[in-house]
Amino acid sequence: MKENLITLGIESSCDETSVAVMKNGREILSNIISSQVDQHKKFGGVVPEVASRKHVENISYVINEALEIAGVTFKDIDMIGVTYGPGLVGALLVGLSTAKALAYSLNVPLVGVNHIEGHIYANFVEYKDLEPPFVCLIVSGGHTHLVHMKDYGVYEVLGKTRDDAAGEAFDKVARAIGLGYPGGPLIDNLAKKGNKDAINFPRTYLEDGSLDFSFSGLKSAVLNYLNNSRQKGIEIVKEDVAACFQQAVIDVLVDKTISAAEKKGLILKYPSLKLCTDNAAMIGCVAYYDYIKGHGADMYLNVVPNLKLGEKL
Amino acid sequence: MNILAIDTSSLVATVAVINEEKLLGEYSINHPRTHSQKLMPIIDELFKTLDITMEDIDLIAVSRGPGSFTGVRIGIATVKGLAHPHNIPVLGISSLEGLANNISYSKELICPIMDARRNQVYTGVYKWQDYRLKNVISDRPLTIKELMDLLIDRDEKIIFLGDGLIRYKDEISNTLGDKAIFAPQYVNMQRASSIAQLALDKIKNKEAKPQSYLDIAPTYLRKSEAERQYEEKMKRCVVHE
Ligand SMILES: [Zn+2]
């Protein structure tokens, strides 16, 4: 095998078109993220057809920028890694179709990457010496997972959400208090100005020992609180609602994560914010480790919108 | 000049390689499996049989729509990926013109119709003049009734083709009677060789200039449902103010 393997990573599962050039899996040579958030704001959420249209408009430009920033050409690319699920089917198809055609045209290997795995591997990009095993909490707009990562590509899913993902709850609460989209950063900003002990929202832990999550009860409690306050003419302090809601989510996430690890003297690590959003660096990283383990895909590779963690082709 | 042509605007995945002298090969599959799983494998198969690679391709012609949004996007996204490393020029061709061009040198009008859902078809009207295919009514989404209204007073007979026939053949037949002719199966659906020939002719006659992979984009002829509803809402807001 070559001394250095250069991976072109492509990610288009939701509303970010991202392309990265990675050296040996963990070193970012470039990581371009073209966000469409402004296009979707007026609709109050990501519109799949609008996202797909934007992806196809942008993708080649983003690829060129990634190559340019990395200071490489296509000749330097040893493999292509692309997200094939989970995500929005139309959005995924743009990245996948382009990636397959690129791999074919360049005659380099293609690796299909699970997007959720990408979020875990963002830690490998951030921490060059980090090795499995570890427990990992994955929270985003689309997923809430608690995972025991035993080795590269080997997972035990300890718990996941039974209803809304944490991020969905954020979006719905943000809408209810008139914040707009995307809910996560808007609530977080507002919460900083609020009193997190002002309102007592429920924490749902489910049955004893369960590491699953449920946020729909909390979401309903917030909506009920807003309705009751409005009916009774009680002034709603949005800052407090945001702070108390956010704290209720965080308490459950943290408690469950710590009890999953079952150990004292734990070390907490998390990627920088840029690597926490949807990005192609993390996809390129997964592709690298899958590739050196002998995984690859052929030209029949298709998107799997509801791909589960740990599922391999 | 070797041209690779691709059309994924309907259920048919079709690819062809043509040059000034001959059609080297064509591969079409009419199967509901997704284009994501059909398109690259048939390109690969065709190239292997012809013993060529992307290095041998001088131009990529692609059906840019209208048609299935997702289908057209798979075609365009694939073309972008194929063309990019070798900077191969790209030419987008109307999927409806491609269909019309399946019928050579007819004296009748040619009316391709593609099912556009929401009770509409993507359609246009074409005609051969001096052995050149001319567009008489530009590509647009219409209800079948609106299309019939445009055609009922024409003197010429009209050849219909495309996947819109599955749903609307009877209605067309009932409205236009003997004036309506329906294309046989072997030319009724999209064929990449027709897209390839149009590209070759348009370049030879200087009617079209190839584009970069960067700028080739689908022709949807329709906004997304969300944008349409948003605009409706905005219009209502203005009225209320
Ligand atoms: Zn994500």
- So which part of A:V47 gets closer than 4.5 Å to some heavy atom of chain B, the side chain, the backbone, both or neither? side chain

- Under 6.0 Å from the CD atom of B:E20, do we count more than 12 heavy atoms belonging to anything else shown? yes

Taking 3.5 Å as the threshold, show me the donor-acceptor pairs across chain B and chain A, one per line with distances to 0.1 Å.
unit_1: B:S36; atom_1: O; unit_2: A:K100; atom_2: NZ; d: 2.4
unit_1: B:S36; atom_1: OG; unit_2: A:N302; atom_2: OD1; d: 2.9
unit_1: B:D44; atom_1: OD1; unit_2: A:Y104; atom_2: OH; d: 3.1
unit_1: B:R73; atom_1: NH1; unit_2: A:E49; atom_2: OE2; d: 3.0
unit_1: B:R73; atom_1: NH2; unit_2: A:E49; atom_2: OE1; d: 2.9
unit_1: B:A77; atom_1: O; unit_2: A:T98; atom_2: OG1; d: 3.3
unit_1: B:L82; atom_1: O; unit_2: A:S105; atom_2: OG; d: 2.8
unit_1: B:H84; atom_1: NE2; unit_2: A:N64; atom_2: OD1; d: 2.6
unit_1: B:H86; atom_1: NE2; unit_2: A:S105; atom_2: O; d: 3.1
unit_1: B:H86; atom_1: NE2; unit_2: A:S105; atom_2: OG; d: 3.2
unit_1: B:Y213; atom_1: OH; unit_2: A:N64; atom_2: ND2; d: 3.0
unit_1: B:D215; atom_1: OD1; unit_2: A:Y61; atom_2: OH; d: 2.6
unit_1: B:R222; atom_1: O; unit_2: A:R53; atom_2: NH1; d: 3.2
unit_1: B:R222; atom_1: O; unit_2: A:R53; atom_2: NH2; d: 2.9

- Item | Interface residue of largest heavy-atom contact number with chain A, from B:I88, B:I76, B:L214, under 4.5 Å | B:L214

- Applying a strict 4.5 Å limit to non-hydrogen atoms, the region of B:A217 in contact with chain A is neither

